[in-house]
Amino acid sequence: MLRIYNTLTRRKEKFVPREGKKVGMYVCGPTVYDYPHIGHARTYVAFDIIVRYLRFKDYDVKYVVNITNVDDKIIKRANEAGEEPLKLADRFEKIFFEDMQALGIEKADAYPRVTEHIPEIVALVRKLIENGCAYEIEGDVYYSVEKVGKYGALSRQSLKEMMAGARIEVDERKRYPMDFALWKKAKPGEPSWQSPWGRGRPGWHIECSAMLMKHLGEQFDIHGGAVDLISPHHENEILQSEGATGKKPFVKYWLHTGFLKVEGEKMSKSLGNFITVRELLQKYDSNSFRFLVVSAHYRSPIDFSYGSLEKSKKSLERLLNTAEFVKTFKEGQSNLGNLLKKARKEFEAAMDDDFNTPQALAALFDFSKEVRKLKCGSREVVAQTSDFLKSALNIFGILVREKEIPGEAKRKLTEVAKKFGIRVEGEVIESIVKAREELRKKKDYKTSDEIRAELQKIGILLENEEEKTVWKIISL
RNA sequence: GCCGGGGUGACAGAGCGGUUAUGUGGCGGACUGCAGAUCCGCAUAUGAGGGUUCGACUCCCUCCUCCGGCCCCA
């Protein structure tokens, strides 16, 4: 039984979708005005894992992530760069997709863009005005917060408290200081669209309401985002959506991921600790990063450092080794079947408990340790073990790579074989390993160590196990 | 100030009212020609103070402290 922590109620609840196995899920996507950073990566990896697990549990998930491609920051950045705002957005949207793919994030079912939903947004704003939830002043439209029965369903803050802490000067024309813009009147040179209130563009919050209504309906199951979006973004989404449709609750489960800090500090340009996804992936592969993400609960903050990333890489290595090791099992009787059953159960129980990935990971490590003590199992169970490790890691989006030597390394291998006068039959690597075995039998350790050193330069590590030598590719 | 979430061993990071989390690293041992991998063992902990309890890291209160939100932000 899957249980999920709901920000709305501040407790774990049984997960029951509105309709059978169907799950509508929306996660606030990026504003595309710069390179994605590792904070984005954490959030989208976390939700990627949640979606994968839901699908693993046979839920029929429709996953929607929006793309905000018009907004103040985009316009500002474009003006600085002397670029068309929409072009700049387009450029960074492509980069966003590239980076997400590089992180092994599965495609969402839809990526609605704000610019492609202007009619829906206008219609929604109009409806809110008709409902008396919003009002227009000189081409701007504001949501009227004052009439709302209770504000702060998610953030648990009253309007008064919010205002007390507010650090901005308010627009005098607004009826109430906390009223927020649904439609912004166009300034010269800004991208704008025709509307009943003149040319303008959507406010930040309304786009989400409009797009998710279109793609997921007026009510749906899961809405996610990082914690910083709780207030005011998600708060306002609730007001707009429920204000327009009168249907409650607009969203059944609200999920929020914890923030990623870099060495104890919030990532920011001014601190100079801003790490982009590209930068990260130049130094480490996505598996290592995903392991780091998975080793903390999705709601907990992560304190990123290259040191902890290095540790993640090493830890993961252990699991990958076991996945490889089990393939060498001989046919025979063992306790493997029972261990597997237990591991499956523990893994799933951990994930069912609000996607507790650190605990799920612990189950895998426990399993790994037990498997290591065995040498055999029935062919069927061995295959299942291999599948289990693979699919469990796959839920985390960690790929168990096939052992394949890259083309360039293969060429170099042939050179090594030639250098040591090894006759190649079949796979080059196998021939080298075999030849080296012979050398070792003859106690020619000098030559065999040289061979090992040569291969290591190419990125292949030889390990002498009890009865045979195994080789593996040293990852990034 | 107000709201939310934390403070666990060298580090990362979970669970649980009473029994080893787990991983990385360290130390000792086994295996090994060496390296690596692997196994066994050891050490280091629950921010402070109260309370509830037979018993609290786990529940309650106070304090200290950190992070986040209240303009923008994944």
Side-chain angles (χ1 to χ4, degrees), chain A residues 7 10 27-31 33-34 36-47 65 68 71-73 76 152 154-170 178 180 204 224-233 235 256-261 264-268 291-292 294-297 299-305 307-319 321-322 324-325 349-350 353 356-366 368-373 440 443-446 448-449 452-453 456 461-466 469-470 472 474:
Chain A
T7 310
R10 310 264 173 203
V27 168
C28 284
T31 299
Y33 71 102
D34 205 344
H37 53 65
I38 57 177
H40 295 110
R42 193 268 164 106
T43 300
Y44 298 117
V45 164
F47 283 113
V65 175
T68 298
D71 106 318
D72 294 348
K73 285 191 298 294
K76 187 173 169 235
L154 270 181
S155 66
R156 313 232 155 166
Q157 286 244 81
S158 71
L159 279 171
K160 261 188 194 161
E161 288 160 353
M162 303 264 299
M163 276 160 55
R167 273 173 276 165
I168 43 147
E169 29 185 310
V170 289
M178 294 306 288
F180 55 92
W204 176 36
V227 274
D228 60 320
L229 294 181
I230 293 176
S231 173
H233 186 56
E235 203 76 78
H256 292 96
T257 53
F259 242 57
L260 178 140
K261 294 180 294 174
E265 305 206 68
K266 187 173 173 174
M267 226 183 338
S268 76
F291 188 95
L292 178 69
V294 155
S295 63
H297 185 86
R299 285 190 278 121
S300 303
I302 287 182
D303 192 0
F304 178 90
S305 70
S308 56
L309 193 56
E310 181 63 29
K311 280 201 287 190
S312 295
K313 182 183 159 185
K314 287 210 167 123
S315 306
L316 174 59
E317 196 69 25
R318 188 183 182 81
L319 252 23
N321 281 345
T322 302
E324 199 57 43
F325 174 73
D353 183 16
N356 192 334
T357 52
Q359 195 152 48
L361 217 43
L364 295 185
F365 278 109
D366 284 337
S368 170
K369 181 166 273 186
E370 294 305 317
V371 167
R372 277 288 178 173
K373 295 176 193 169
R440 289 185 63 231
K443 300 210 194 266
D444 182 355
Y445 297 122
K446 190 165 170 278
S448 67
D449 284 356
R452 186 169 62 195
Q456 201 149 354
L461 184 69
L462 294 182
E463 293 178 343
N464 302 339
E465 297 267 341
E466 275 174 53
T469 301
V470 298
K472 65 182 182 192
I474 308 165

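In the text below, chain A, chain B and the rest are named by the order of the sequence lines, each starting its count at 1.
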Can you check whether [X] has a side-chain N or O nearer than 4.0 Å to OP1 or OP2 of [N]?
{"X": "A:Trp204", "N": "B:C73", "value": "yes"}
{"X": "A:Arg440", "N": "B:G33", "value": "no"}
{"X": "A:Lys73", "N": "B:C73", "value": "yes"}

**Message:** Base contacts versus sugar-phosphate-only contacts with protein, heavy atoms under 4.0 Å: please encode nucleotides 3-16 of chain B as B, S and - from 5' to 3'.
**Reply:** SS------BSSSS-
Using a heavy-atom cut-off of under 4.0 Å over every strand shown, decide if [X] touches base, sugar-phosphate, or nothing.
{"X": "A:Thr31", "value": "sugar-phosphate"}
{"X": "A:Leu461", "value": "sugar-phosphate"}
{"X": "A:Tyr445", "value": "base"}
{"X": "A:Tyr44", "value": "sugar-phosphate"}
{"X": "A:Pro232", "value": "sugar-phosphate"}
{"X": "A:Leu260", "value": "base"}
{"X": "A:Leu229", "value": "sugar-phosphate"}

**Message:** Using heavy-atom distances to pick each residue's nearest nucleotide on RNA chain B, tell me which of A:Ser448 and A:Phe365 is more 5'.
**Reply:** A:Phe365
Whole angstrom is fine here: how far is it from [atom1] in [X] over to [atom2] in [N]?
{"X": "A:Met267", "N": "B:C67", "atom1": "CE", "atom2": "C1'", "answer": "14 Å"}
{"X": "A:Glu310", "N": "B:G25", "atom1": "CD", "atom2": "C1'", "answer": "12 Å"}
{"X": "A:Gln456", "N": "B:C34", "atom1": "CD", "atom2": "P", "answer": "17 Å"}
{"X": "A:Glu317", "N": "B:G25", "atom1": "CD", "atom2": "P", "answer": "11 Å"}
{"X": "A:Phe325", "N": "B:A37", "atom1": "CZ", "atom2": "P", "answer": "15 Å"}
{"X": "A:Asp34", "N": "B:C72", "atom1": "CG", "atom2": "C1'", "answer": "14 Å"}
{"X": "A:Lys314", "N": "B:G23", "atom1": "NZ", "atom2": "C1'", "answer": "13 Å"}
{"X": "A:Leu309", "N": "B:G23", "atom1": "CG", "atom2": "C1'", "answer": "15 Å"}

**Prompt:** With distance as the sole criterion, do the side chain of A:Asp449 and the base of B:G33 form a donor-acceptor contact below 3.5 Å?
**Reply:** yes
**Prompt:** Is there a donor N/O on one and an acceptor N/O on the other, under 3.5 Å, for the side chain of A:Arg372 and the base of B:A37?
**Reply:** no
**Asked** Does a side chain donor of either A:Ser308 or A:Ser305 reach within less than 3.5 Å of an acceptor in the other side chain?
**Response** yes
Nearest-angstrom distance, [atom1] atom, [N] to [M]:
{"N": "B:U20", "M": "B:A45", "atom1": "C1'", "value": "14 Å"}
{"N": "B:C16", "M": "B:U24", "atom1": "P", "value": "24 Å"}
{"N": "B:G50", "M": "B:C40", "atom1": "C1'", "value": "44 Å"}
{"N": "B:C59", "M": "B:C71", "atom1": "P", "value": "33 Å"}
{"N": "B:U8", "M": "B:U58", "atom1": "C1'", "value": "11 Å"}
{"N": "B:G6", "M": "B:C27", "atom1": "P", "value": "36 Å"}
{"N": "B:A43", "M": "B:G28", "atom1": "C1'", "value": "11 Å"}
{"N": "B:G68", "M": "B:G15", "atom1": "C1'", "value": "25 Å"}

Pair partner, [N] [Watson-Crick or wobble, under 3.5 Å]:
{"N": "B:A12", "answer": "B:U22"}
{"N": "B:C70", "answer": "B:G1"}
{"N": "B:G49", "answer": "B:C61"}
{"N": "B:A30", "answer": "B:U38"}

**Message:** Using the rule given for side-chain contact (heavy atoms from CB on, under 4.5 Å), can you reason through A:Val27 versus A:Tyr44, listing the C-alpha separation, both sets of side-chain angles and the distance that settles it, and then say yes or no?
**Reply:** CA-CA 9 Å; A:Val27 168; A:Tyr44 298 117; 3.9 Å; yes
Tabulate protein N/O versus nucleotide N/O from nucleotides 40-42 of chain B, keeping only pairs under 3.5 Å, one per line.
unit_1 : atom_1 : unit_2   : atom_2 : d
B:C40  : OP1    : A:Lys373 : NZ     : 3.0

**Prompt:** Would you say A:His37's side chain and A:His40's backbone share a donor-acceptor pair under 3.5 angstrom?
**Reply:** yes
**Complete:** Closest of B:G25, B:U22, B:C34 to the A:Ala362 side chain is B:U22
**Request:** Measure from the side-chain heavy atoms of A:Lys472 and tell me the nearest of B:A37, B:U38, B:G68.
**Result:** B:A37
**Request:** Would you check, one step at a time, whether the test side-chain contact (heavy atoms from CB on, under 4.5 Å) holds for A:Ser315 with A:Phe365?
**Result:** CA-CA 9 Å; A:Ser315 306; A:Phe365 278 109; 4.2 Å; yes
**Prompt:** Is there a side-chain contact between A:Leu319 and A:Leu361, using heavy atoms and a 4.5 Å cut-off?
**Reply:** yes
**Request:** For side-chain contact (heavy atoms from CB on, under 4.5 Å), just list the numbers for A:Ile38 and A:Met267, CA-CA rounded to whole Å, side-chain angles, deciding distance to a tenth of an Å, and then say yes or no.
**Result:** CA-CA 9 Å; A:Ile38 57 177; A:Met267 226 183 338; 4.0 Å; yes
